[in-house]
Amino acid sequence: MRSPKDFFAPLAVGAPEPVREIPALPSRMIHFFDPSNEKMAAKVPDIAKKVDVLLGNLEDAVRADRKEAARNGLVTIAKATDFGGTQLWTRVNSLDSPWVLDDLVTLVTEIGDKLDVIMVPKVEGAQDIHYVDRLLAQLEARAGLTKPLLVHAILETASGVANVEEIAGASPRMQGISLGPADLAASRRMKTTRVGGGHPGYLVRTDPTGEDLNAGRTTYQQDLWHYTVARMVDACAMHGILPYYGPFGDIRDVVACEDQFRNAFLLGCVGAWSLHPVQIDIAKKVFSPAPADVAWARRVIAEMGDGTGAVMIDGKMQDDASYKQCRVVAELADALAERDPELAKAYDEATKEALA
Ligand SMILES: CC(C)(COP(=O)(O)OP(=O)(O)OC[C@H]1O[C@@H](n2cnc3c(N)ncnc32)[C@H](O)[C@@H]1OP(=O)(O)O)[C@@H](O)C(=O)NCCC(=O)NCCSC(=O)C[C@H](O)C(=O)O
Ligand SMILES: [Mg+2]
């Protein structure tokens, strides 16, 4: 563990100064594509206009014999594309794989100035982040980069969950953490074969109403991921970094995907992964607060003045704490409005109506 005194010192001579604060840039959807897949790669310029984050995936879902093609494809795409205000991320192979060293060396050297965040899979503890942290500093120094690359960990091993607080605080590069429900289920020996989402067998049942144990009893499906997401959100909030729900693998089930994303949004996540174009608009809808909620938040803030004391608005008590809750929603809305003029208009119209 580094001393707090040198936590923000560069880890290699000539490496850029680490950031002191993680920018809360819109990242409602992290859109995955395989850079070795020509059809997907051809769609990148168009998709880049629609998403907050575009991620060139080199890890799982890329066949072993396509790893080099994916790495080289990402370099070519990054050099040839103007991403505008859209962030470019990558997910490198796992730290125990034969590909990760070349992934990091090639990407930082060739396109380190274009990349914003490196997603590291299967993180087990702070030691994994420390390894990547030092290596990135060496590579950044050699490439002459002036802006440090940020690191995003996937929470997808039982050890990772047990160590999530130390992972979140392991480096000033830590930008955020995503839930990886598929690998996590395997690591924990959970008995679901689904990629994220619920399971009909994970439920609670109302009490029996009489002798017949089957009669009149309702069951309610529970969220398999509630504990992990909540723990991840707390760890991220404690360290000033951003939490994300990960993948929802049932691409056809756009309804359950929206539900799972919304649960994560309400619990504190700022975004989720989109694996297919159809999931982009779901994430955009869910992770942008509704205009009516933004209008309400802005109204409470306006009526609360300096944010202290208690007032009644429409029969509901508001005080210092609810003022802070409203600031969370209003600040997110302001950040999204800056990127999205349509959303800005919808928020302003709803606010005008609420304040009239
Ligand atoms: C899931 C897919 C394999 C589905 O692909 P496909 O069968 O081609 O779907 P469609 O025919 O409906 O596609 C229509 C067109 O759209 C293009 N397409 C599909 N997906 C994307 C995309 N992500 N980005 C850009 N374009 C995309 C198709 O090429 C079709 O094009 P055209 O024929 O010209 O009309 C596929 O969507 C896919 O591979 N998605 C990404 C999967 C992925 O990245 N998986 C890894 C992340 S999840 C994970 O790793 C688990 C996690 O770590 C954990 O442990 O939980
Ligand atoms: Mg995984």
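First listed ligand is number 1; within each ligand, the first listed atom is number 1. Side chains are part of it too, since the values below use all heavy atoms of this structure and drop only hydrogens, waters and symmetry mates.
Atoms of ligand 1 lying under 4.0 Å from at least one heavy atom of Asp60, given by number and element, are 46 (C). The distance from ligand 1 to the heavy atoms of Lys43 drops below 4.0 Å at these ligand atoms: 16 (O), 17 (C), 26 (N), 31 (O), 32 (P), 34 (O), 35 (O). Applying the 4.0 Å criterion to heavy atoms of His31 picks out, from ligand 1, the atoms 22 (C), 23 (N), 24 (N), 25 (C). Atoms of ligand 1 found under 4.0 Å from any heavy atom of Leu275 (numbered from 1 in listed order, with element): 20 (N), 22 (C), 23 (N), 37 (O), 38 (C), 40 (N), 41 (C), 47 (C), 48 (S). Each of the atoms 43 (C), 45 (N), 46 (C) of ligand 1 lies under 4.0 Å from some heavy atom of Ala61. Taking every heavy atom of Asn57 and a limit of under 4.0 angstrom, the matching atoms of ligand 1 come to 44 (O), 46 (C).
Taking a distance limit of 4.0 Å, we find that atom 26 (N) of ligand 1 is approached by some protein heavy atom. Taking a distance limit of 4.0 Å, we find that atom 37 (O) of ligand 1 is approached by some protein heavy atom.
Counting only distance, with no hydrogens or angles, the side chain of Arg188 and the backbone of Ala158 share no donor-acceptor pair below 3.5 Å. For the pair Asp6 (side chain) and Ala9 (backbone), a donor-acceptor distance under 3.5 Å is absent. In this structure, Thr90 contributes its side chain and Gly56 its backbone to a donor-acceptor pair below 3.5 Å.
In this model, a donor atom of one side chain and an acceptor atom of the other lie less than 3.5 Å apart for Arg298 and Thr351. Side-chain polar atoms of Asn93 and Asp103 form a donor-acceptor pair below 3.5 angstrom.
Not a single heavy atom of Asp34 sits closer than 4.0 Å to an atom of ligand 1. For the pair Ile47 and ligand 1, a heavy-atom separation below 4.0 Å is found. Every heavy atom of Gly246 sits 4.0 Å or more from the atoms of ligand 1.
Taking the six-membered ring for Trp and thresholds of 30 and 60 degrees, Phe261 and Phe248 have ring planes more than 60 degrees apart, a perpendicular arrangement. A perpendicular orientation is assigned to the rings of Trp89 and Tyr244, their planes being inclined by more than 60° (bins at 30° and 60°).
Between His276 and Phe32, the distance from one ring center to the other does not fall under 6.0 angstrom.
Checking only distances, Glu59 never comes within under 3.5 Å of ligand 1, N or O to N or O.
With a cut-off of 2.8 Å, the Mg ion (ligand 2) has an N, O or S atom of Asp183 in range.
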